[in-house]
Number of protein chains: 2
Amino acid sequence: MAATPPRHLSPRKRPRQARSAATLEVIFEATVQVLLAEGIHRLTTTRVAERAGVSVGTMYQYFPHKQALLYALNERYLDVLAVRIEKACEGEHGAPLARMIEALVSAYWDAKTERSDVTRALYRSAVELDNATLIEAFAARMDRATSAMLATAPDAAFDDLTLVNTTLLAVIFGTVRNVFERGLPEPLESGLRRQLVTMCLEYLKAVRRPVA
Amino acid sequence: MAATPPRHLSPRKRPRQARSAATLEVIFEATVQVLLAEGIHRLTTTRVAERAGVSVGTMYQYFPHKQALLYALNERYLDVLAVRIEKACEGEHGAPLARMIEALVSAYWDAKTERSDVTRALYRSAVELDNATLIEAFAARMDRATSAMLATAPDAAFDDLTLVNTTLLAVIFGTVRNVFERGLPEPLESGLRRQLVTMCLEYLKAVRRPVA
DNA sequence: ACCTGAACACCGTTCAAGT
DNA sequence: ACCTGAACACCGTTCAAGT
């Protein structure tokens, strides 16, 4: 993640040695396990430490408090997600609009679907903390990836690319989240996915400046 | 709210007497105040009780646990929101599509904007609890209100009204939430609102069955 | 230098004792 | 019948004592 997180949420020390990096990894894994097995309200520092096989004191060497642990976990998850979407966007540079939108929606939708248990758990863990910085950094990365892609579309150009791009991202990310939070029954869910693609394309057709 | 909440989340007793109803109201008000003044992580039963001028024991007569209090608070908020949107929809029965969409987006957007501090605080409070039931009940009410409205549009009819309607709601609600969570700078925010309306209308134009 | 875990302050929840 | 608040179990966090 590009933006530096608020100081009070960053890890206490960077893992300089292999052992430290390993410990950090173990703590993260333990956190996800406890999150999935017991839920957010039973995620305690004691339980995570126990599962990770370290003492609470050790955990507090890596994270100044529980929120910092959850913050770092979300940071990692968003980084993986961002990389996936950036790659999907780069893969469609120069492609027609329809393929771009299909690729973007697919990449995001599929990422959420594949590990919907983790996704949902992280959504829940994220709200307890001040994640505005995290969300903003993620949004900025996505903005860059998709506007770079849209600028290469052979079949359209836009007067206000920033506005169009921000709209697309807000609509796609917002809709996907809404669908997964509701947990729609299956025929509806995949129907909605196609409608979302249609909607974005109709919008782009309406606001584009026709290319000679 | 129509659906009965999970038993473990419902208030312990219904307020049968005027005094009880007043106490309940005082507790709710105190909760919102603490939420806004101190934040979700400092919202403790002791603090709420103190602010409300009752003892913790009394609070536990009305709510079996803290989650039930937050659940009830969200329930009330969603009810107010639902009533507003239902009225907005009823007011546009028989109107052209463009007016319907404008009214729907306005009603939801404005409700979120007016008290964005409370909205945001409640978003945060909601995630700690099992609010699936609440969300589903709200979504069902909205489904009814907007599909009833859309069915009366003089300038369009739809082959699959359920799919179209579910799509519209997911897109509008999801997008608005996304915009408010990001906190976009002002020219972008109101620009995005107009784009959202455009987008919905272009979508509806594309999927409608032309009326004779 | 790094790890440990008892100790502390505070939280959610209960229930014996009051009125 | 209803309210109170000390008491209990548990949580986040610290830091003296260990290695």
Side-chain angles (χ1 to χ4, degrees), chain A residues 7-28 30-31 34-35 37-73 124-125 127-130, chain B residues 6-28 30-31 34-35 37-73 124-130:
Chain A
R7 171 174 302 283
H8 66 101
L9 284 177
S10 50
R12 250 187 193 152
K13 62 177 183 186
R14 306 260 144 212
R16 300 199 175 277
Q17 287 150 261
R19 165 167 310 229
S20 292
T23 307
L24 213 51
E25 192 53 44
V26 164
I27 293 175
F28 279 132
T31 309
V34 173
L35 208 46
E38 314 242 17
I40 179 70
H41 61 288
R42 302 207 68 197
L43 182 99
T44 69
T45 50
T46 326
R47 251 186 278 267
V48 171
E50 196 179 12
R51 193 112 177 188
V54 298
S55 79
V56 250
T58 302
M59 267 190 52
Y60 275 82
Q61 276 203 282
Y62 292 93
F63 303 99
H65 43 247
K66 192 181 156 185
Q67 289 212 352
L69 171 61
L70 293 176
Y71 188 94
L73 197 66
R124 287 175 170 252
S125 79
V127 181
E128 274 185 69
L129 48 90
D130 173 28
Chain B
R7 172 173 302 282
H8 66 100
L9 285 177
S10 48
R12 253 188 191 151
K13 62 177 185 186
R14 306 260 145 213
R16 298 198 176 278
Q17 286 149 261
R19 165 167 309 227
S20 293
T23 306
L24 213 53
E25 192 54 44
V26 164
I27 294 175
F28 279 132
T31 309
V34 173
L35 209 47
E38 315 243 17
I40 178 71
H41 61 286
R42 303 207 68 201
L43 183 98
T44 68
T45 50
T46 326
R47 252 186 277 268
V48 171
E50 196 178 11
R51 193 109 175 191
V54 298
S55 80
V56 250
T58 302
M59 267 189 52
Y60 275 82
Q61 277 202 281
Y62 292 92
F63 304 99
H65 43 248
K66 193 181 155 184
Q67 290 212 351
L69 171 62
L70 294 175
Y71 189 94
L73 198 65
R124 289 177 168 249
S125 79
V127 181
E128 275 185 68
L129 50 88
D130 172 29

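Proteins get letters first, then strands, A, B, ... in listed order; numbering begins at 1 in each.
- Here the P atom of nucleotide C:dG5 and the CE atom of A:Met59 are 15 Å apart, to the nearest Å.
- Taking atom CD of A:Glu38 as the reference point, atom C1' of D:dC11 lies 14 Å away to the nearest angstrom.
- Checking the phosphate oxygens (OP1, OP2) of D:dC3, no side-chain nitrogen or oxygen of B:Ser55 falls inside 4.0 Å.
- Inter-residue side-chain proximity for B:Val34 and B:Thr44 is flagged as unmet; no heavy-atom pair is nearer than 4.5 Å.
- Base pairing of C:dA1: its partner is D:dT19, meeting the Watson-Crick or G-U wobble criterion (both donor-acceptor distances under 3.5 Å).
- Residue B:Thr45 has its side chain nearest to C:dT13 when only D:dT4, C:dT13, C:dT4 are considered.
- Under the 6.0 Å cut-off for aromatic ring centres, B:Phe28 and B:Phe63 qualify, their centroids lying closer than that.
- As judged by a 4.0 angstrom heavy-atom cut-off over every strand, A:Arg42 is placed among residues making no nucleic acid contact.
- In this structure, C:dA6 and D:dT14 make a Watson-Crick or G-U wobble pair, each of the two defining distances being under 3.5 angstrom.
- Checking the phosphate oxygens (OP1, OP2) of C:dT4, a side-chain nitrogen or oxygen of A:Thr58 falls inside 4.0 Å.
- Across all strands shown, B:Thr44 has heavy atoms under 4.0 Å from sugar-phosphate atoms exclusively, and none from any base.
- Residue A:Tyr60 contributes atom OH, which lies 13 Å from atom C1' of D:dC15 at whole-angstrom precision.
- Checking A:Gly57 against A:Arg47, the closest nucleotide of DNA chain D that is more toward the 5' end is the one next to A:Arg47.
- Rounding to whole angstrom units, CD of residue A:Gln61 and C1' of C:dC3 are separated by 7 Å.
- Rounded to a whole Å, the NE2 atom of A:His65 is 16 Å from the P atom of D:dC15.
- Going from atom OH of B:Tyr62 over to atom P of D:dC3 covers 5 Å, rounded to whole Å.
- Rounded to whole angstrom, the span from the CD1 atom of A:Ile27 across to the C1' atom of C:dC3 amounts to 12 Å.
- Distance noted for atom P between D:dT13 and C:dC2: 22 Å (whole Å).
- Across the interface with DNA chain D, nearest-nucleotide mapping of A:Val56 and B:Gly53 shows B:Gly53 to be the residue nearer the 5′ end.
- Between the CD atom of B:Glu50 and the P atom of C:dC11 there is a distance of 11 Å, given to the nearest Å.
- The closest donor-acceptor contact from the side chain of B:Thr31 to the backbone of B:Ile27 lies under 3.5 Å.
- Between the side chain of A:Arg47 and the backbone N or O of A:Arg42 there is at least one donor-acceptor pair closer than 3.5 Å.
- Residue A:Met59 forms a side chain to side chain contact (heavy atoms under 4.5 Å, CB included) with just one option from A:Thr23, A:Val48, A:Thr46, and that option is A:Val48.
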